[in-house]
Amino acid sequence: MKVFLLILAVIEAVVIIALVVSRTKNQKQLKMIMEYAKCISQKDLNVADLPVNGDQNLTTLAGYLNRIKKNVVSFIDPAGENLTVLSDVVEGTPAKRLKIAFFSKLDNYFWYNIKSGVDYAQKVLSDKDVDVVYFPYVTMIDEHQFPGDVQRCIDEQFDAIIFPGFLRGADDLLQKAIEQGIEVFTYNCDCDPSVHRACCYAPNESEAGVLAAKELQKLVGENGNIAVMLGEPIVSINIERYESFSNYIHLHCKGIKIVNTFEVYNRPEETYEKIVNCLKKYPDIKAIYNTTGMQLQLAQAIVDTGNEGKIKAVVFDHNDQIFDYIKKGVIGAAISFEPFNQGYEPIILMYNHLVTGQPFEASRITCKSNIVTEENVDNFV
C-alpha cells in the first residue's frame, strides 16, 4: 500500500511540474525547478516514515503534493508566465573550506519560505567546499541568543555572516567581525549604519508603501476614511512603509483621509483589542493599512465586529490563512517580497563573492514584489 501511494505521489508531482514546464521556454530555470522539486522530495518524503494507517497515508501524501505544488508555483509571477531569476554559482574553488552563517526567524509561513530558499542554496552548494550553518530563532526569547551566536562565528572563524537587519543587540560584535575579516551581509531589511556590512538584499520599503497605497486606493475609491496599523517604530521598515504610504495618499488621493494611526507590537491579544477599539471608535472607515505582522488578528477583528465585506485590509506577507481571508473579501491585498529568494540569493551571492573576490553588484540589491488580491489568489492556493 505504501509503495502504491508513493507511486501515485510521484506521478502527480510529475504532472504538476509538467504543467509549469509547459508554460515557459526558459530551460535554465526549468532545470532549477526540477532540481528543487527533487530536493524537496528527498528531504521530506521517505516511505519508511509514512504512517501505517491508510487514511493518514493519504493525508501525508496530500500535504506533500500540496507543498511541491506551492513551491513550484512560487517561482512564477501572478500572471503565471515569468519565472523568478536565481543567481548562478560561479566556477572555481575557494582557497580553503568556507563557513557561512545564516540567521533567520522561524515563527511563521514567511520565514518557512525563507528556510526553503536556504535549503535549496545548500542543495546547490552541496558539492562545493563550503558549509552553510543555519541559525533559526523560533521565539522572541531565542533572538536573545543572537549576540552569543555572532561571538561563536567570530571564535570559530566563519567567513561570512548573513542576518535579517532587524536583529538587535550585536552591532558591536558584528563590526568586530568585519574588522577581523568576516563578511557581513543583511537581508529582509538593513542593519544599523554603524555596522559596515558589505551588501543588503531587501525589498524597497518605500516602494512597498506606495504599492500598498495604490492597492488601497483601488479598494476605497476616490473618497473615504482609513486607519493605519503601525508596527514598532524602532523597526525601520515600519516607518518607511508608513511614510511612503501616507505621502502617496496625501499627494494623490485627496479624498482619502487617515483618521487614526495606532501602534502595535508583537503581542497578539493586545493587538486584537487595539484593532477592535479602532473599529468601534471609527465605524465609518473603509480600510486599514497594516505595516507589520499580526495580519490574522486584523482580519479576525474585522470579522468579529461585523465588518466583513465593509472594511478591507491591506497587509504584507503571504500564507494560506491570509489567502483564505482574501477569498472571503476581508483582506483586499497582500504584498510579499519573494521570501524564497531572500533565503537563496544572499547565500549564493556571498559564496560567489568569497570564491572570486569580486565585489557585489551593488551595496543594496532589491528583491521583487508580488501582490495577491481576489483576482489572482487562486494562483497561490
Side-chain angles (χ1 to χ4, degrees), residues 13 16-17 20-21 23-24 26 28-44 63-89 100 102-126 132 134-136 162-165 185-189 199-204 208 237 293 316-323 334-352 365-372 376-377 379-381:
I16 291 169
I17 296 171
V20 178
V21 170
R23 298 168 78 168
T24 180
N26 189 326
K28 175 181 167 184
Q29 294 301 312
L30 291 179
K31 181 179 178 182
M32 287 186 172
I33 288 177
M34 298 297 289
E35 284 294 321
Y36 181 53
K38 181 180 177 183
C39 176
I40 294 173
S41 64
Q42 291 175 342
K43 188 176 185 63
D44 291 344
Y64 163 71
L65 291 169
N66 195 41
R67 179 168 179 182
I68 282 188
K69 177 183 177 182
K70 287 181 180 178
N71 281 288
V72 170
V73 171
S74 73
F75 282 89
I76 307 175
D77 68 7
E81 297 173 355
N82 300 313
L83 289 172
T84 295
V85 177
L86 299 177
S87 295
D88 288 326
V89 177
I100 299 174
F102 189 98
F103 293 89
S104 175
K105 289 175 69 70
L106 191 64
D107 60 354
N108 62 46
Y109 186 90
F110 177 83
W111 296 99
Y112 301 152
N113 274 341
I114 284 181
K115 175 65 163 58
S116 293
V118 174
D119 289 344
Y120 185 51
Q122 290 173 323
K123 168 70 177 178
V124 169
L125 296 173
S126 61
V132 178
Y134 177 70
F135 292 81
I162 301 171
F163 75 102
F185 190 120
T186 58
Y187 73 96
N188 188 249
C189 70
C199 186
C200 174
Y201 184 88
N204 181 328
I237 61 174
F316 290 94
D317 299 341
H318 294 163
N319 63 46
D320 289 345
Q321 292 166 297
I322 288 175
F323 296 154
I335 303 167
S336 189
F337 296 92
E338 296 191 327
F340 178 91
N341 279 31
Q342 291 188 48
Y344 175 87
E345 288 292 321
I347 294 171
I348 301 303
L349 293 174
M350 178 57 75
Y351 173 81
N352 290 348
I365 302 171
T366 302
C367 52
K368 294 195 310 181
S369 62
N370 284 322
I371 303 174
V372 177
N376 67 352
V377 66
N379 293 334
F380 294 83
V381 296

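Bear in mind that the values here come from a model prediction, so they are computed numbers and not experimental data.
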Is it true that the NZ or CZ of K115 lies under 6.0 Å from the centre of Y134's six-membered ring and within 45 degrees of the ring axis?
-> yes
Might you point out which heavy atoms bring Y201 and E345 nearest each other, and give the distance in Å?
-> OH-CG, 3.6 Å
Rounded to the nearest 0.5 Å, what's the gap from CZ on F185 to SG on C199? Could you check?
-> 4.0 Å
Gap separating the CD atom of Q342 from the SG atom of C189, nearest 0.5 angstrom | 9.5 Å
Quick one: do K123 and D119 make a salt bridge, cutoff under 4.0 Å?
-> no
Ignoring hydrogens and geometry, is there a side-chain-to-backbone donor-acceptor pair from E338 to N370 under 3.5 Å?
-> no
Report the distance from atom CG of L86 to atom OH of Y344, rounding to the nearest 0.5 Å.
-> 5.5 Å
Can you name the closest pair of heavy atoms from F103 and Y187 and give their distance?
-> O-OH, 2.6 Å
Output the distance between atom OG (S104) and atom CD1 (I162), rounded to the nearest 0.5 Å.
-> 11.0 Å
For the side chain of N113 and the backbone of N319, is there at least one donor-acceptor N/O pair under 3.5 Å apart?
-> no
Supply the atom-to-atom distance S87 OG to N341 CG, rounded to the nearest 0.5 angstrom.
-> 8.5 Å
Shortest non-hydrogen separation from I348 to V124 and the atoms involved = CD1-CG1, 4.4 Å
Taking all non-hydrogen atoms of both residues, which atom of H318 and which atom of I335 are closest, and how far apart?
-> NE2-C, 3.8 Å
Rounded to the nearest 0.5 Å, the NZ atom of K105 sits from the CD1 atom of I114 at a distance of 11.0 Å
